[in-house]
Amino acid sequence: MCSLARYRQPDPRVCYVLPSTVDTNIARHDTQGDYGAHEWTRGVLVELCRYLNATPVAVRYEEVLHPVNRSNVANIVVATILRQGSPLVVRYSIESVEGQQKQVWRVAIDGEPRINGEEPHPTKSGLALLVRSLLDGY
């Protein structure tokens, strides 16, 4: 399997804007006081399209809260793109490990779990490169 170190380099500060054609449950562009997870979500979709030469279709962001203390236990991004004319769904999640001070991250492509990792999680562009390498069989 490929080394994940190259996928963890920091991204330069970039504002991501979603086209009006994208189906989404978050704001299409950054605004003052915007929720950072929404910028992350927009960035995941844009970087996937950039690195996979794809067209953005939809992106969804969801937070999963602990049923008792209401703390955030998972952040989930589901991005749908058109690559070579075919739809592709990438699900990326960052989840807290109960009883531990760490997080794990997971990537699924078209519903199939492809990779699990521990902190640190990949950057937006690193995630897109990782997905591209999984699709291309590297």
Side-chain angles (χ1 to χ4, degrees):
M1 176 139 219
C2 60
S3 167
L4 295 177
R6 66 182 179 175
Y7 303 118
R8 294 190 174 128
Q9 300 303 312
D11 287 330
R13 177 66 182 143
V14 176
C15 283
Y16 297 97
V17 177
L18 299 180
S20 61
T21 56
V22 171
D23 180 28
T24 184
N25 65 341
I26 61 171
R28 295 185 184 285
H29 55 82
D30 191 21
T31 59
Q32 186 174 3
D34 191 19
Y35 190 45
H38 292 179
E39 180 66 14
W40 174 264
T41 301
R42 287 187 293 270
V44 166
L45 180 67
V46 170
E47 294 295 342
L48 282 169
C49 288
R50 183 165 73 109
Y51 282 93
L52 297 173
N53 194 26
T55 303
V57 175
V59 69
R60 293 280 188 229
Y61 174 76
E62 178 185 357
E63 290 182 350
V64 178
L65 302 178
H66 189 281
V68 176
N69 66 16
R70 307 301 292 165
S71 64
N72 187 343
V73 295
N75 296 335
I76 302 167
V77 174
V78 178
T80 305
I81 60 177
L82 283 177
R83 183 179 191 224
Q84 299 170 347
S86 299
L88 182 75
V89 178
V90 176
R91 183 183 191 274
Y92 175 69
S93 64
I94 302 173
E95 304 164 24
S96 297
V97 178
E98 191 165 351
Q100 300 180 29
Q101 293 294 324
K102 70 175 189 175
Q103 293 179 325
V104 295
W105 54 273
R106 305 176 198 287
V107 174
I109 300 173
D110 286 340
E112 179 186 336
R114 297 298 295 267
I115 192 166
N116 298 326
E118 294 187 1
E119 293 181 284
H121 52 79
T123 63
K124 297 174 286 289
S125 57
L127 174 64
L129 284 167
L130 181 59
V131 168
R132 185 173 75 187
S133 70
L134 290 168
L135 292 170
D136 293 344
Y138 296 116

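Note that the coordinates shown come from a computational prediction; the quantities given were computed from them, not determined experimentally.
What you find for R50 and S125 is that their closest heavy atoms are NH2-CB, 4.4 Å. Summarising the geometry of G111 relative to A108, their closest heavy-atom pair is C-CB, 4.4 Å, with the distance given to 0.1 Å. Here the closest heavy-atom approach between residue A128 and residue Y51 is recorded as CB-CD1, 3.6 Å.
In this structure, H121 and Y92 have perpendicular ring planes: the angle between them is above 60°, well past the 30° mark.
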Please lay out, stage by stage, how L48 and L88 fare under the test side-chain contact (heavy atoms from CB on, under 4.5 Å). CA-CA 10 Å; L48 282 169; L88 182 75; over 6 Å; no

Just do the side-chain contact (heavy atoms from CB on, under 4.5 Å) check on N116 and V104 with the steps written out, would you? CA-CA 7 Å; N116 298 326; V104 295; over 6 Å; no

Check step by step if side-chain contact (heavy atoms from CB on, under 4.5 Å) holds for V46 and C49. CA-CA 5 Å; V46 170; C49 288; 5.9 Å; no

Derivation of the side-chain contact (heavy atoms from CB on, under 4.5 Å) call for V131 and I109: CA-CA 8 Å; V131 168; I109 300 173; 4.0 Å; yes

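A donor atom on one side chain and an acceptor atom on the other are not found under 3.5 Å apart for Y61 and N25.
The distance from atom CH2 of W40 to atom CG of L127, rounded to the nearest 0.5 Å, is 6.5 Å. Once rounded to the nearest 0.5 Å, the distance linking CZ of R42 with CG of D30 reads 5.5 Å. Note that CD1 of I115 is 4.5 Å distant from CG of L130, once rounded to the nearest 0.5 Å. Atoms CD and OG1, on E39 and T41 in that order, are 9.0 Å from each other to the nearest 0.5 Å. To the nearest 0.5 Å, the span separating NE2 on H29 from CG on L18 amounts to 9.5 Å.
Without hydrogens or angle criteria, D110 side chain to V89 main chain gives a donor-acceptor distance under 3.5 Å. Side-chain N or O atoms of R28 include one that pairs as donor or acceptor with a backbone N or O of V22 at under 3.5 Å. A distance-only check finds no donor-acceptor pair linking the side chain of R91 to the backbone of A79 [under 3.5 Å].
Clustering of Ile, Leu, Val, Met, Phe, Trp and Tyr by side-chain heavy atoms under 4.5 Å joins V57 with L82.
Every residue meeting the salt bridge (Lys or Arg N to Asp or Glu O under 4.0 Å) condition with R83, not counting sequence neighbours, appears here in chain and number order: D136. Taking E95 as the reference, R106 meet the salt bridge (Lys or Arg N to Asp or Glu O under 4.0 Å) condition, with sequence neighbours excluded.
At least one side-chain heavy atom of R132 sits less than 4.5 Å from a side-chain heavy atom of L129. Looking at heavy atoms from C-beta onward, V90 lies out of side-chain contact with V44 at the 4.5 angstrom threshold.
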